[in-house]
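Structure record follows, encoded as structure tokens.
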Amino acid sequence: MKDFSKELTERAKKIRAIFFDVDGVLTNGSIIYDNNGLESKQFNVKDGQIIKYLKQYQIATVVITGRDSRVVRNRCNELSIDRHYHGVKDKGAVYEDLKKELHLHDSEIAYIGDDINDLPILSRCGLSCTPADGQSQVKEHVHWVLSKKGGEGALRELADMVLLSQGKYEEIINKLLKA
């Protein structure tokens, strides 16, 4: 894994929760409707794979998405996302409420968002990220522009870095090699 700046590593060491958007983060942002009006989306299994390891180390996962989609609800349930909020109009308000409920400080929360409606959270959290194909104005306001695009492992990239910075990634690998 590549070297990260000291500032980014220090931010990652404090993370106790990763919040993220869905469309443009867990997916490439496309919404596909069939002739019957049924929605489908494509998710990357690498993003899903890392969630169980975040849980193992008590790093909470939270989805805050502006759309309300059964497909996304199903994916959140399948991955056992700790909390997920759909159809959110004011992401900043949900963030503030969650911060209180989960007894977290801004510095303990990482967030990945790809569009301007994510800025209220990106501007407050301790480690803000956008996928490589995030909206250009969003890229100007984050700590880290990921190398992965939305739907291509963006969440995985952040989660790997957080676990690595906290010294937990090596434990995961060692346990898997001994299994």
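- The shortest side-chain heavy-atom distance between Pro120 and Asp118 does not fall under the 4.5 Å cut-off.
- Looking only at side-chain heavy atoms (C-beta outward), Leu79 and Phe43 stay at 4.5 Å or farther from each other.
- With contacts defined as side-chain heavy-atom distances shorter than 4.5 Å, the pair Ile51/Leu155 qualifies.
- Looking at Gln166, its side chain never comes within 3.5 Å of a backbone N or O of Lys168 through a donor-acceptor pair.
- When atom types are taken as modelled, the side chain of Asp34 and the backbone of Asn36 share a donor-acceptor pair closer than 3.5 angstrom.
- Of the charged side-chain nitrogens involved, none lies within less than 4.0 Å of a carboxylate oxygen, so that Glu170 and Lys175 do not count as a salt-bridged pair.
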- Message: If you apply the rule side chain to side chain contact (heavy atoms under 4.5 Å, CB included), what do you find for Gln42 with Ser30, and how did you get there?
- Response: CA-CA 8 Å; Gln42 183 172 319; Ser30 297; over 6 Å; no
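- Put simply, the side chain of Leu8 reaches to within 4.5 Å of the side chain of Met161, judged on heavy atoms.
- Of the possible polar contacts, none joining the Glu157 side chain to the Ala154 backbone as a donor-acceptor pair under 3.5 Å is found.
- Here the straight-line distance linking atom OH of Tyr85 with atom CZ of Phe19 works out to 8.0 Å at 0.5 Å rounding.
- Residues His141 and Ser123 fail the side-chain proximity criterion, which asks for heavy atoms closer than 4.5 Å.
- Checked by atom type and distance alone, the side chain of Asp90 pairs as donor or acceptor with a backbone atom of Gly92 at under 3.5 Å.
- Counting only distance, with no hydrogens or angles, the side chain of Asp21 and the backbone of Val25 share no donor-acceptor pair below 3.5 Å.
- For the atom pair CD1 (Ile109) and CZ (Arg11), the distance works out to 13.0 Å, reported to the nearest 0.5 Å.
- Taking OG from Ser165 and CD1 from Ile15, the interatomic distance works out to 9.5 Å, rounded to the nearest 0.5 Å.
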- Message: Does Val142 form a side chain to side chain contact (heavy atoms under 4.5 Å, CB included) with Cys129? I'd like the steps, not just the answer.
- Response: CA-CA 5 Å; Val142 296; Cys129 306; 5.7 Å; no
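- Within 6.0 Å of the CD1 atom in Ile116, the count of heavy atoms belonging to other residues, nucleotides or ligands does not exceed 12.
- Two residues are said to be in side-chain contact when any heavy atoms from C-beta on lie closer than 4.5 Å; Arg67 and Val22 fail this criterion.
- Around the NE2 atom of His105, the shell of radius 6.0 Å holds no more than 12 heavy atoms that belong to other residues, nucleotides or ligands.
- Side chain of Thr130 to main chain of Val145: no donor-acceptor pair is present (N/O by atom type, distance under 3.5 Å, no hydrogens or angles).
- Residues Lys52 and Gln49 approach most closely at CE-NE2, 3.3 Å, considering heavy atoms.
- Environment of NZ in Lys46: sparse, with no more than 12 heavy atoms of neighbouring residues, nucleotides or ligands closer than 6.0 Å.
- Remark: Lys148 NZ is loosely packed, at most 12 non-hydrogen atoms of other residues, nucleotides or ligands lying under 6.0 Å away.
- Atom CZ of Arg156 is separated from atom CG of Leu54 by 9.5 Å, given to the nearest 0.5 angstrom.
- Hydrophobic clustering (side-chain heavy atoms under 4.5 Å, transitive across Ile, Leu, Val, Met, Phe, Trp, Tyr) keeps Ile32 apart from Leu38.
- Of all non-hydrogen atoms in Asp82 and Ile59, the two that sit nearest each other are OD2-O, 4.2 Å.
- Across Thr27, Asn74, Asn28, a single residue satisfies side-chain contact (heavy atoms from CB on, under 4.5 Å) together with Lys41, and that is Thr27.
- Note on Arg124 versus Glu96: salt bridge recorded, some NZ/NE/NH1/NH2 to OD/OE distance being below 4.0 Å.
- The closest side-chain donor-acceptor pair between Ser128 and His143 falls under 3.5 angstrom.
- With values rounded to the nearest 0.5 angstrom, Thr61 atom OG1 is found 12.0 Å from Asp47 atom CG.
- The residues Glu10 and Lys13 are annotated as salt-bridged, a charged nitrogen and a carboxylate oxygen being separated by less than 4.0 angstrom.
- Closest non-hydrogen pair, Cys125 versus Tyr111, comes out as SG-CB, 3.7 Å.
- Here the side chains of Val138 and Asp114 are not in contact, with every heavy-atom distance at 4.5 Å or above.
- With rounding to the nearest 0.5 angstrom, the CZ atom of Phe4 is 7.0 Å from the OG1 atom of Thr9.
- For the salt bridge (charged side-chain N to carboxylate O under 4.0 Å, His left out) test with Asp106, the passing option among Lys100, Arg16, Lys14, Lys99 is Lys99; the others fail.
- A salt bridge links Glu101 with Arg83: at least one charged nitrogen is closer than 4.0 Å to a carboxylate oxygen.
- Inter-residue side-chain proximity for Leu98 and Val62 is flagged as met; some heavy-atom pair is nearer than 4.5 Å.
- Panel note: side chain Gln58, backbone Gln56; a donor-acceptor pair is recorded below 3.5 Å.
- In terms of hydrophobic clustering, with Ile, Leu, Val, Met, Phe, Trp and Tyr side chains grouped at heavy-atom distances under 4.5 Å, Phe20 and Tyr57 are assigned to a common cluster.
- Contact record, Asn77 with His84: OD1-NE2, 3.2 Å, taken as the closest heavy-atom pair.
- Tyr33 and Val72 end up in different hydrophobic clusters when Ile, Leu, Val, Met, Phe, Trp and Tyr side chains are linked at under 4.5 Å.
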- Query: For Arg75 and Glu78, what are the C-alpha separation, side-chain angles and deciding distance, and is it a salt bridge (Lys or Arg N to Asp or Glu O under 4.0 Å)?
  - Reply: CA-CA 5 Å; Arg75 184 66 173 156; Glu78 176 186 15; 3.0 Å; yes
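- No donor-acceptor pair under 3.5 Å is formed between the side chain of Asp133 and the backbone N or O of Lys149.
- By the rule that hydrophobic residues join a cluster once side-chain heavy atoms approach within less than 4.5 Å of another member, Val45 and Ile172 end up as members of separate clusters.
- Between the side chain of Glu152 and the main chain of Ser147, no donor-acceptor pair closer than 3.5 Å is present.
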